[in-house]
Enquirer: 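Dropping the structure in here first, questions after.
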Amino acid sequence: MGHNRRKRPTGARRATFGAFALILGGGGLVAANVIASATETSNAAVPLGGSGIAATVDCPDLGERLTTVPDGARADVDTELARMDEQIAAAYRGLQEAARTADDGTLDEAAVLGPLNEERTAAIARVTAAMDAAGERPEGLEALARCTLLRTEVTPAASDGADGGRDAGQDGAGQGEGAPQEPGNGGQAGNGPVAADFADIMSVEPTVKAAPGENASRGTFAGSCGVNAEGLYNSDNIIVAPGVGNGAHHFHDYIGNQANNAFAGDDDLAAAATSCADQGDKSSYYWPVLRLQDGTTERDAASPGGGIEGNAGRIVTAKEVTLTFVGNERGKVTEMPRLLRIITGDAKAFVNGDTNANASWSCTGLEDRRLADRYPLCPRGSDVVRTFTFQSCWDGRNTDSANHRTHVAFPGADGTCPDGFQPIPRLVQRIVYDVDAPSLADGGKTTPLFAVDSFPEQLHKPVTDHGDFINLFDEGLMREVVDCINSGRTCGAGAPPAGEPGQGGDGGPKEQPTERPGTTPPPADGGEDGKDGKGQDGKGQDGKDPGGDATAAPSDAASAPAEQDRDGGKRDAEATAPAGRDGAPVSPEAEPRAATTAPDASGAVGSAVATPEADRTAPGAVAAGTAPRAQGARGGLAETGAGLGLWPAAAGGVLFAAGCALLIRTRRQAG
């Protein structure tokens with residue numbers, strides 16, 4: 001047998017080879033980053049990589065610009081605006097399909113956006129013509145036709161495959177066409193949510209409320225309208241897109257009025273049944289449904305507004321819904337006009353920016369901590385809370401406006417309404433869900449991710465949360481509401497019984513859950529929600545809804561087997577760790593979320609922080625005491641994906657420097 005007589009490299013030679021390997025590897029990473037940066041700067045193509053397209057469709061919101069529309073043109077304009085939303089949704093679906101079929105790893109933006117821009121140009125021309133015929137021709141709308149691609153994050157943290165960390169069986173049948181989830185942006189048919197959309201509520205600094213003014217109207221009127229246990233859902237929006245089916249492109253929960261759909265007229269709403277305990281309240285209260293990404297094939301899996309548009313998974317019925325009307329910090333309130341329509345928040349805030357955003361996410365027992373652009377990771381024994389606080393200053397004339405905003409406004413921090421506006425009862429709507437903090441480390445396999453429904457291009461971002469209200473109180477009941485608030489009493493079917501803490505938490509906070517998400521404490525007794533719920537516009541309400549018992553989901557399908565019992569199920573600590581800016585699990589102490597907290601404006605009277613109107617006088621404005629959001633109105637780096645391209649250069653630089661240092665040291669030792 002022959003012998004291998006080749007000389008083995010000495011230690012010095014091995015070190016030299018290693019040094020050259022580090023230098024070459026580092027240089028390669030730097031070069032790759034330079035090439036990627038050049039591609040990003042030119043914006044000629046979107047890199048797909050192994051995880052799918054990293055972009056969404058970003059179009060100027062024509063509806064926000066149309067603050068006044070002649071009555072004679074209103075129907076035509078509303079129809080065209082709804083048609084433009086459908087065009088964007090179709091373009092986003094085309095964007096996803098192009099990402100799946102691109103052969104060379106790049107995407108031709110013009111092929112996706114060209115037809116969309118042409119369709120929008122034609123639609124804007126029809127809007128202009130309709131308004132011109134009605135006697136008020138708008139100027140400059142043509143500039144709003146062009147859409148772009150907004151780069152965003154592509155995958156959940158620590159996923160174990162290119163499918164975004166989800167098994168094909170979990171995200172397959174429920175996506176509308178029965179196909180397994182393609183590489184993309186994460187949970188819902190490849191368009192979100194992602195790990196960076198979640199934050200540990202314990203990392204948010206509590207807010208402090210101020211005492212009400214001397215002349216404040218301190219009473220409360222609490223309604224009780226159930227939790228939509230009847231399963232009334234549709235993807236219409238009678239306020240924004242009347243007469244247009246699927247005008248919302250996402251499903252809504254409805255309580256109160258039982259006739260709300262796109263084709264219901266005012267008379268239909270007035271004659272309808274109501275789910276409210278007080279039959280004098282036929283108002284319509286509705287909001288986007290919350291879904292669990294647990295693999296359930298929901299009833300709308302193959303429907304527009306549902307799975308076809310990426311709104312997939314099990315619809316969660318709320319555990320509790322509280323509707324509370326409160327007063328003004330400076331004085332008495334006046335009656336709401338019948339058929340007043342109010343929208344709070346912005347369903348398109350992810351691409352529009354946060355000027356009109358008004359999302360508030362928290363956890364029971366911890367509601368002095370609020371998030372505006374992250375879903376909360378709640379500790380064991382605490383439930384997820386959404387709070388909607390509605391505008392409470394009215395222009396005294398109009399029950400709606402062309403953009404559904406200018407007829408109402410938020411008061412200032414001291415309760416002052418803008419000139420020409422008068423205070424009306426402030427609706428604070430609090431929705432509680434019995435859902436666990438998702439397991440971010442495995443992309444929601446152990447404990448599923450959750451998210452609100454959204455327009456498909458909005459990627460299920462929590463900042464897009466919004467609520468809608470149509471006032472259909474009868475006149476006698478509305479007078480009772482106003483008298484109750486102005487006289488400082490606690491009234492209504494949803495008010496707590498005598499001797500119990502009031503709607504503002506007058507009895508003081510109950511014990512707060514303190515375990516962070518991801519811990520495995522001894523079995524708990526369930527959620528505590530005694531701390532007063534402070535919403536966007538203020539101190540939210542704690543009264544229980546007598547009709548608010550938890551109900552089964554509308555689908556017969558069971559939840560995922562990995563879902564654990566809230567009262568005693570053991571949870572993996574690593575799987576439920578909160579996510580950092582790059583989507584990786586981090587210690588809550590490592591990354592404070594002060595910049596993502598929702599503005600505090602007291603739902604009853606008195607607040608130490610400015611109201612949404614005061615905080616959003618200019619695009620990108622943030623609540624007092626919070627840091628400006630990175631990337632301006634687009635949110636942080638985790639949302640835009642801009643930070644994802646920095647690591648190759650940094651890693652490459654470190655490797656290159658290490659290689660040089662090793663080479664120099666080796667040569668010195670050899671000399």
Enquirer: Tell me the closest heavy-atom pair linking Arg291 and Asp453, and the distance in Å.
Expert: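 The pair with the smallest heavy-atom distance is NE-OD1, 2.7 Å.
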
Enquirer: Do His249 and Ser235 make a side-chain contact, defined as non-hydrogen atoms from C-beta onward lying under 4.5 Å apart?
Expert: no

Enquirer: So that I can tick it off, tell me whether Glu80 and Arg83 are bridged by a salt bridge, with the cut-off set at under 4.0 angstrom between side-chain N and carboxylate O.
Expert: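 Yes, this pair counts.
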
Enquirer: Which value, rounded to the nearest 0.5 Å, describes the distance between Thr56 atom OG1 and Phe350 atom CZ?
Expert: 7.0 Å

Enquirer: Evaluate the criterion side chain to side chain contact (heavy atoms under 4.5 Å, CB included) for residue pair Ile424 and Leu340; output intermediate values, then yes/no.
Expert: CA-CA 11 Å; Ile424 56 176; Leu340 176 69; 3.9 Å; yes

Enquirer: Which residues pass the side-chain contact (heavy atoms from CB on, under 4.5 Å) test with Asp61, not counting sequence neighbours?
Expert: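 If we apply the side-chain contact (heavy atoms from CB on, under 4.5 Å) test to Asp61, skipping adjacent residues, the hits are Glu64, Lys348, Asn352.
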
Enquirer: Checking Asn403 against Thr67 for the side chain to side chain donor-acceptor pair (under 3.5 Å) test, could you report, in this order, the C-alpha distance in whole Å, the side-chain angles of both residues, the deciding distance, and whether it holds?
Expert: CA-CA 5 Å; Asn403 65 354; Thr67 56; 5.6 Å; no

Enquirer: Roughly how far apart are Thr324 OG1 and Arg430 CZ, rounded to 0.5 Å?
Expert: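 That separation rounds to 9.0 Å.
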
Enquirer: Go through it in stages, so that I can follow the logic: the residues are Phe473 and Met336, the test is side chain to side chain contact (heavy atoms under 4.5 Å, CB included), and I'd like the CA-CA distance, side-chain angles, deciding distance and then a yes or no.
Expert: CA-CA 9 Å; Phe473 277 77; Met336 285 183 175; 5.9 Å; no

Enquirer: Between Cys147 and Leu113, which heavy-atom pair has the shortest distance, and what is it?
Expert: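 Looking at all heavy atoms of both residues, the shortest contact is O-CD1, 3.6 Å.
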
Enquirer: Which pair of non-hydrogen atoms, one from Ala409 and one from Pro418, has the smallest distance, and what is that distance?
Expert: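 Closest approach of Ala409 to Pro418: CB-CG, 3.9 Å.
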
Enquirer: Heavy-atom distance under 4.5 Å between the side chains of Asp346 and His466, does that happen here?
Expert: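 No, side chains not in contact.
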
Enquirer: Is there a side-chain contact between His404 and Arg341 (heavy atoms, below 4.5 Å)?
Expert: no

Enquirer: If only side-chain N and O atoms count, and only distance matters, is there a donor-acceptor pair under 3.5 Å linking Asn257 with Tyr286?
Expert: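 No pair is found: no donor N or O on one side chain lies under 3.5 Å from an acceptor on the other.
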
Enquirer: Are the side chain of Asp197 and the backbone N or O of Val194 linked by a donor-acceptor pair below 3.5 Å?
Expert: yes

Enquirer: What pairs with Glu230 under salt bridge (Lys or Arg N to Asp or Glu O under 4.0 Å), at least two apart in sequence or on another chain?
Expert: none

Enquirer: Does Leu232 have any side-chain contact (heavy atoms from CB on, under 4.5 Å) partners at least two apart in sequence or in another chain, and if so, which?
Expert: Asn228, Tyr254, Gln258

Enquirer: Out of curiosity, Leu323 CG to Cys225 SG, how far, rounded to the nearest 0.5 Å?
Expert: 5.0 Å

Enquirer: Return the CD1 to CD1 distance between Ile470 and Ile343, rounded to the nearest 0.5 Å.
Expert: 9.0 Å

Enquirer: Atom OG of Ser283 and atom CG of Asn260: how far apart are they, to the nearest 0.5 Å?
Expert: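 Answer rounded to 0.5 Å: 11.0 Å.
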
Enquirer: Testing Val112, Leu116, Leu459 for side chain to side chain contact (heavy atoms under 4.5 Å, CB included) with Tyr92, which one passes?
Expert: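 When side chain to side chain contact (heavy atoms under 4.5 Å, CB included) is applied between Tyr92 and each of Val112, Leu116, Leu459, only Leu459 qualifies.
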
Enquirer: Phe251 vs Tyr233 aromatic rings, parallel, tilted or perpendicular, using cut-offs 30° and 60°?
Expert: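 Answer is tilted, since the angle falls between 30° and 60°.
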
Enquirer: Using side chain to side chain contact (heavy atoms under 4.5 Å, CB included), reason through Gln279 and Asp474 one step at a time and then give a plain yes or no.
Expert: CA-CA 9 Å; Gln279 293 292 295; Asp474 65 39; over 6 Å; no

Enquirer: Side chains of Tyr285 and Ser275: closer than 4.5 Å at any heavy-atom pair?
Expert: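 No, side chains not in contact.
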
Enquirer: Tell me, with the steps shown, if Val77 and Arg74 meet side chain to side chain contact (heavy atoms under 4.5 Å, CB included).
Expert: CA-CA 5 Å; Val77 169; Arg74 184 71 66 85; 5.7 Å; no

Enquirer: Between NE2 of His250 and CG of Asn311, what distance do you get to the nearest 0.5 Å?
Expert: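 The CG atom of Asn311 is 8.0 Å from NE2 of His250, to the nearest 0.5 Å.
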
Enquirer: Salt bridge (Lys or Arg N to Asp or Glu O under 4.0 Å) for Asp354 and Lys461? Distances and angles first, verdict last.
Expert: CA-CA 12 Å; Asp354 62 3; Lys461 297 296 183 183; over 6 Å; no

Enquirer: Restricting to non-hydrogen atoms, name the atom on Asn261 and the atom on Ile238 that form the minimum distance, rounded to 0.1 Å.
Expert: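 Closest pair (atom of Asn261, atom of Ile238, distance): O-CD1, 3.4 Å.
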
Enquirer: Measuring only between side-chain heavy atoms, which start at C-beta, is Thr344 closer than 4.5 Å to Phe410?
Expert: yes

Enquirer: Indicate yes or no: does Arg126 engage Glu119 in a salt bridge with an N to O separation below 4.0 Å.
Expert: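 Not counted as a salt bridge, because no side-chain N and carboxylate O are separated by less than 4.0 Å.
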
Enquirer: Just do the salt bridge (Lys or Arg N to Asp or Glu O under 4.0 Å) check on Arg93 and Glu86 with the steps written out, would you?
Expert: CA-CA 11 Å; Arg93 290 192 292 269; Glu86 172 55 39; 3.1 Å; yes

Enquirer: Shortest non-hydrogen contact from Val452 to His460?
Expert: O-ND1, 2.9 Å

Enquirer: Any side-chain heavy-atom pair from Arg426 and Thr389 closer than 4.5 angstrom?
Expert: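 Side chain of Arg426 against side chain of Thr389, heavy atoms only: contact under 4.5 Å found.
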
Enquirer: Measure the shortest side-chain to side-chain distance between Gln391 and Asn358 over non-hydrogen atoms and say whether it is less than 4.5 angstrom.
Expert: no

Enquirer: If you compare all heavy atoms of Pro425 against all heavy atoms of Ile485, which two are closest, and at what distance to 0.1 Å?
Expert: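 Closest heavy-atom pair between Pro425 and Ile485: CB-CD1, 3.8 Å.
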
Enquirer: Do Arg330 and Cys417 have side-chain heavy atoms sitting under 4.5 Å apart?
Expert: no

